[in-house]
> 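Structure in structure tokens, see below.
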Amino acid sequence: MESTSLFSALSKIAPVEASKVNMISLDDKYAYPPFFRFKFKGFDKDDDIYILLESIVNRFNGNLEWSLITKSQSRNFILIPKIFEIYLDNEFYNINNYIKKMTLSKYKKNIDLAIDDISSFGSYIILEYNKKAK
């Protein structure tokens, strides 16, 4: 299932701890933007595994640009389309925030583009990680 593709891909790199493995709402794919919050079990935030993953994420050429972000007060990382990154701290689950900034049709189009990216994004991460980690 594409909504768990990033969980599956990252689990091939190292054991993953995540509060939820689905990136998309099961009830309504437009309920909120796709994202994946995780950490690698047994790795510190400043470990090289995250530096390598960030460089891979930055090179992914999908429908949308993606980001790997973390906050100083958090032990977790988030994979999210860049276009939605600015909303993380401001009512992320409130669809009206997105509609005010980008219209409902553009919001839905960006969600669809992100969902279309997920499977190939997971494959790309594994492929590139295996090349670089050797």
Side-chain angles (χ1 to χ4, degrees):
M1 177 178 222
E2 66 189 17
S3 68
T4 60
S5 293
L6 289 182
F7 172 78
S8 297
L10 294 173
S11 294
K12 291 177 181 173
I13 294 172
V16 171
E17 293 181 358
S19 57
K20 65 182 190 98
V21 297
N22 283 312
M23 295 181 63
I24 306 161
S25 169
L26 299 176
D27 298 326
D28 174 10
K29 71 178 181 177
Y30 300 115
Y32 54 83
F35 74 97
F36 184 60
R37 181 179 21 244
F38 75 99
K39 66 180 175 180
F40 288 119
K41 188 174 185 175
F43 290 89
D44 292 329
K45 274 181 67 169
D46 58 352
D47 194 279
D48 287 346
I49 195 169
Y50 294 111
I51 296 166
L52 177 54
L53 181 58
E54 182 177 35
S55 77
I56 292 168
V57 168
N58 290 339
R59 289 191 317 272
F60 176 65
N61 189 16
N63 295 313
L64 298 175
E65 291 183 56
W66 288 74
S67 295
L68 176 68
I69 60 169
T70 187
K71 305 282 184 185
S72 60
Q73 68 276 16
S74 174
R75 296 180 304 146
N76 296 315
F77 286 78
I78 297 174
L79 282 166
I80 187 168
K82 276 188 196 252
I83 196 162
F84 298 118
E85 183 180 340
I86 61 169
Y87 300 98
L88 278 172
D89 292 330
N90 188 16
E91 298 186 51
F92 181 73
Y93 294 98
N94 183 350
I95 192 170
N96 292 321
N97 282 338
Y98 304 103
I99 294 170
K100 286 179 194 172
K101 301 282 186 185
M102 64 175 78
T103 76
L104 180 59
S105 66
K106 185 159 173 107
Y107 169 76
K108 286 183 173 184
K109 179 176 173 144
N110 283 320
I111 296 286
D112 290 338
L113 290 170
I115 290 170
D116 286 346
D117 272 349
I118 293 171
S119 182
S120 61
F121 191 25
S123 297
Y124 179 80
I125 288 171
I126 292 302
L127 179 72
E128 293 299 309
Y129 184 84
N130 287 337
K131 283 184 200 174
K132 303 287 184 197
K134 292 183 180 196

> State, to 0.1 Å, how close Lys132 and Leu52 come at their nearest heavy-atom pair, and which atoms those are.
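So the two residues come closest at CB-CD1, 3.5 Å.
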
> Linking I/L/V/M/F/W/Y whenever their side-chain heavy atoms sit closer than 4.5 Å, directly or via other members, would Leu104 and Met102 fall into one cluster?
yes

> To the closest 0.5 Å, what do you measure between NZ (Lys39) and CG (Asp47)?
13.5 Å

> Could you report the tightest heavy-atom contact between Ile49 and Ala14, atom names first, then the distance?
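Smallest heavy-atom distance, with atoms named: CD1-CB, 4.0 Å.
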
> Of all residues at least two apart in sequence or in a different chain, which pass the side-chain contact (heavy atoms from CB on, under 4.5 Å) check with Asn96?
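In terms of side-chain contact (heavy atoms from CB on, under 4.5 Å), with neighbours along the sequence ignored, Asn96 is linked to Asn94, Ile99.
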
> Under 30°, 30 to 60°, or over 60°: which ring-plane class applies to Tyr93 and Tyr32, parallel, tilted or perpendicular?
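Rings of Tyr93 and Tyr32: perpendicular, over 60°.
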
> Set out, in order, the CA-CA distance, both residues' side-chain angles and the distance that settles side-chain contact (heavy atoms from CB on, under 4.5 Å) for Ile118 and Ile24, then state yes or no.
CA-CA 10 Å; Ile118 293 171; Ile24 306 161; 4.0 Å; yes

> Taking all atoms of both residues into account, what is the closest heavy-atom pair of Asn110 and Leu64, and its distance?
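In this case the closest contact between Asn110 and Leu64 is O-CD1, 3.4 Å.
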
> Check whether any side-chain heavy atom of Phe121 sits under 4.5 Å from a side-chain heavy atom of Leu79, and report yes or no.
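Contact flag for Phe121/Leu79 side chains = yes.
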
> For the backbone of Tyr30 and the side chain of Tyr107, can you confirm whether one donor and one acceptor N or O come within less than 3.5 Å of each other?
yes

> So do the side chains of Lys101 and Tyr87 get within less than 4.5 Å of each other, counting heavy atoms only?
yes

> Could you pull out the closest heavy-atom pair between Asn63 and Leu113, with the gap in Å?
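In terms of heavy atoms, the two residues are closest at ND2-O, 3.2 Å.
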
> Assess whether atom NZ of Lys45 is packed by more than 12 heavy atoms of other residues, nucleotides or ligands within 6.0 Å.
yes

> Tell me, yes or no, whether the heavy-atom count around Asn61 atom CG, taken from other residues, nucleotides or ligands under 6.0 Å, exceeds 12.
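Counting neighbours around CG of Asn61, 12 or fewer heavy atoms of other residues, nucleotides or ligands fall under 6.0 Å, so no.
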
> Quick check: is Leu68 connected to Phe43 through a chain of hydrophobic side chains (ILVMFWY, heavy atoms under 4.5 Å apart)?
yes

> If I compare all heavy atoms of Pro81 with all of Ala114, which pair ends up nearest, and what's the gap?
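Nearest heavy atoms, Pro81 then Ala114: CG-CB, 3.8 Å.
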
> Check whether any side-chain heavy atom of Asp112 sits under 4.5 Å from a side-chain heavy atom of Lys29, and report yes or no.
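Yes - at least one pair of side-chain heavy atoms lies under 4.5 Å apart.
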
> Hey, can you tell me if Phe36 and Phe7 have their rings parallel, tilted or perpendicular (30° and 60° cut-offs)?
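Answer is perpendicular, since the angle exceeds 60°.
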
> What's the spacing between Trp66 CH2 and Ile78 CD1 if we round to 0.5 Å?
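Here the interatomic distance stands at 12.0 Å.
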
> Just so I know, are the side chains of Tyr129 and Leu53 near enough to count as touching, which here means a heavy-atom distance under 4.5 Å?
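No. Closest side-chain heavy atoms not under 4.5 Å.
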
> For Ile111 versus Pro34, what's the shortest heavy-atom pair and its separation?
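Reported closest heavy-atom pair: CD1-CD, 3.6 Å.
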
> Are the side chain of Thr4 and the backbone N or O of Asn22 linked by a donor-acceptor pair below 3.5 Å?
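Side chain of Thr4 to backbone of Asn22: no pair is present.
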
> Relative to the ring of Tyr50, is the ring of Phe40 parallel (under 30°), tilted (30 to 60°) or perpendicular (over 60°)?
tilted

> Identify, with sequence neighbours excluded, every residue that meets ring-ring contact (aromatic ring centres under 6.0 Å, His included) alongside Phe92.
Phe35

> Nearest 0.5 Å, what's the NZ-OG1 distance between Lys108 and Thr103?
10.5 Å

> Test: salt bridge (Lys or Arg N to Asp or Glu O under 4.0 Å). Region: residues 50-74. Which pairs qualify, not counting sequence neighbours?
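Found Arg59-Glu128, Lys71-Asp89.
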
